[in-house]
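I have placed the structure first, in the form of structure tokens, so that the comments after it can refer back to it.
All chains are named by letter (A, B, ...) in the order of the sequence lines, taking the proteins before the strands, and each is independently numbered beginning at 1.
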Protein chains: 2
Amino acid sequence: MSVRVLEHPSVEEIRLEAVLHALADPARLEVVCFLARTEGEAACSEIDLAVSKSTGTHHYRVLREAGVIRQVYRGTAKMNSLRKADLDALFPRLLDSVVSAAAKRLRRDQGTTSGARRSRAHQGE
Amino acid sequence: MSVRVLEHPSVEEIRLEAVLHALADPARLEVVCFLARTEGEAACSEIDLAVSKSTGTHHYRVLREAGVIRQVYRGTAKMNSLRKADLDALFPRLLDSVVSAAAKRLRRDQGTTSGARRSRAHQGE
DNA sequence: GTCGTAGTACGACATTTGTCGTAGTACGAT
DNA sequence: ATCGTACTACGACAAATGTCGTACTACGAC
């Protein structure tokens, strides 16, 4: 059986710069905010990014390799969850401050961003 | 009179992604940590980065344009300071968490990376 | 004025990054 | 086995990024 195991960095391998870089992209930040909101697992297909699927895969990989999210296969789906405990242990309050700042900003300039179509529930909080 | 005024983003113009991106570089993170430690102004030449002067200028500009630092000319020197109040107002606890995480990390692997040395000509050719 | 120091501007370059489409694999359902 | 869904791998590409050296400007000191 193809176990389909995904490589994740251990806690010691998580690097601050990589985490910051992973968070410094709009699409990835959206994923992180979504996961922070749901506080559980979400399939890639649940999070409606304004990019193609290949690009989405790329962003999920960046997040996983930076240690920001954990990914497991479940059936045909790939479930994502925040590595909140790990990140909090390494960088206390970092994730919270980024997520709440992003949420605040999203609330403020909803509609200002032209172009990309986003749908999905940014308001359910 | 050479006015030599430097452009800074206003508080409203500071974007979270830009700040995160600015912080996601080792040289720039070092600058930020230095400024956080000194809690005042520091000339570019006071912070010994392991890059050339032109590259240093580039990094300082990235930090300034992201809204992370403020730069003013004073004589021949260019003084840098953290925009801590502005950043704290926009992204509460973000700067603190990043700086303390970086400080912790620096403390941990001090010695593996022998200090900032420059003066390296290009190798090989 | 000249000189040295601090930093800049510019062009060049290699690398990384974000983006996509196409072709493919893994799985569940039929 | 066949089909559809979910996601991946790969190659391609443009744009951004980090790096440098050289030539330059701004300022203070002499």
Q.
Under a 3.5 Å distance rule, please check whether Arg64(A) uses its side chain to pair with a backbone N or O of Glu7(A) as donor and acceptor.
A. yes

(Q) Less than 4.0 angstrom between a side-chain N/O of Arg74(A) and OP1 or OP2 of dA6(D), yes or no? (A) no

**Q.** Under-3.5 Å donor-acceptor pair between Thr55(A) side chain and dG18(C) base
**A.** no

(Q) Between C1' on dT15(C) and NE2 on His21(A), what's the gap in Å once rounded to a whole number? (A) 12 Å

Q) What about Ser54(A): does its side chain form a donor-acceptor pair under 3.5 Å with the base of dG21(C)? A) yes

Q: Please tell me which of Arg61(A) and Thr76(A) maps to the more 5' nucleotide of DNA chain D, matching each residue to the nucleotide holding its nearest heavy atom.
A: Thr76(A)

(Q) Which nucleotide, if any, forms a Watson-Crick or G-U wobble pair with dA14(C), using both distances under 3.5 Å? (A) dT17(D)

Q.
Under a 3.5 Å cut-off for both contacts, is dA29(D) paired Watson-Crick or G-U wobble with anything, and if yes, with which nucleotide?
A. dT2(C)

Q: Could you tell me whether the phosphate oxygens of dG18(D), OP1 or OP2, come under 4.0 Å of any side-chain nitrogen or oxygen in Arg28(B)?
A: yes

Q: Would you sort out whether Leu29(B) and Val98(B) count as a side chain to side chain contact (heavy atoms under 4.5 Å, CB included), showing the intermediate values?
A: CA-CA 9 Å; Leu29(B) 200 47; Val98(B) 170; 3.7 Å; yes

Q | Donor-acceptor contact present, side-chain His8(A) to main-chain Gln71(A), <3.5 Å | A | yes

Q: Say whether Thr55(B) and Ser52(B), considering side chains only, have a donor N or O and an acceptor N or O under 3.5 Å apart.
A: yes

Q.
Only pairs with both distances under 3.5 Å count, Watson-Crick or wobble alike; so what is the partner of dC3(D) in this structure?
A. dG28(C)

Q.
Over all strands shown, is Ala43(B) touching base, sugar-phosphate only, or nothing at heavy-atom distances under 4.0 angstrom?
A. sugar-phosphate

